[in-house]
Amino acid sequence: MAAMKPRTGDGPLEVTKEGRSILLRMPLEGGGRLVVEMNAEEAAALGEAIDGCIG
């Protein structure tokens, strides 16, 4: 049976560049974090989509 690791703190919203990838780590309601790996083009498209929602 695999060992269960305790959840650590959710931590802040983070965006880091690792090699050719950009990693987005977003805290989720209820605990845990969503981790999304993307390239520069995808990150730019995400930024434009968010800007479009904000106005």
Side-chain angles (χ1 to χ4, degrees):
M1 187 164 161
M4 296 288 291
K5 294 182 181 178
R7 283 195 177 176
T8 58
D10 294 335
L13 175 68
E14 274 184 283
V15 178
T16 58
K17 184 162 174 55
E18 295 184 14
R20 294 183 178 180
S21 297
I22 296 170
L23 294 175
L24 166 68
R25 293 180 181 93
M26 183 182 335
L28 298 174
E29 200 172 307
R33 295 193 338 163
L34 172 69
V35 179
V36 179
E37 182 177 359
M38 62 192 101
N39 61 34
E41 292 173 359
E42 293 166 333
L46 176 61
E48 289 174 11
I50 291 171
D51 284 342
C53 291
I54 296 171

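Positions are given from 1, in the same order as the sequence printed here.
Residues Gly11 and Pro27 approach most closely at O-CG, 3.2 Å, considering heavy atoms.
A donor-acceptor pair under 3.5 Å is formed between the side chain of Glu42 and the backbone N or O of Asn39.
Inter-residue side-chain proximity for Leu34 and Leu24 is flagged as unmet; no heavy-atom pair is nearer than 4.5 Å. You'll find the side chain of Leu28 stays beyond 4.5 Å of the side chain of Arg33, heavy atoms only. Counting heavy atoms from C-beta outward, Val15 and Ile22 have side chains that approach closer than 4.5 Å.
Arg25 has a carboxylate O that lies under 4.0 Å from a charged side-chain N of Glu18, or vice versa, which qualifies the two as a salt bridge.
Taken to the nearest 0.5 Å, the OG1 atom of Thr16 stands 4.5 Å off from the CG atom of Leu23.
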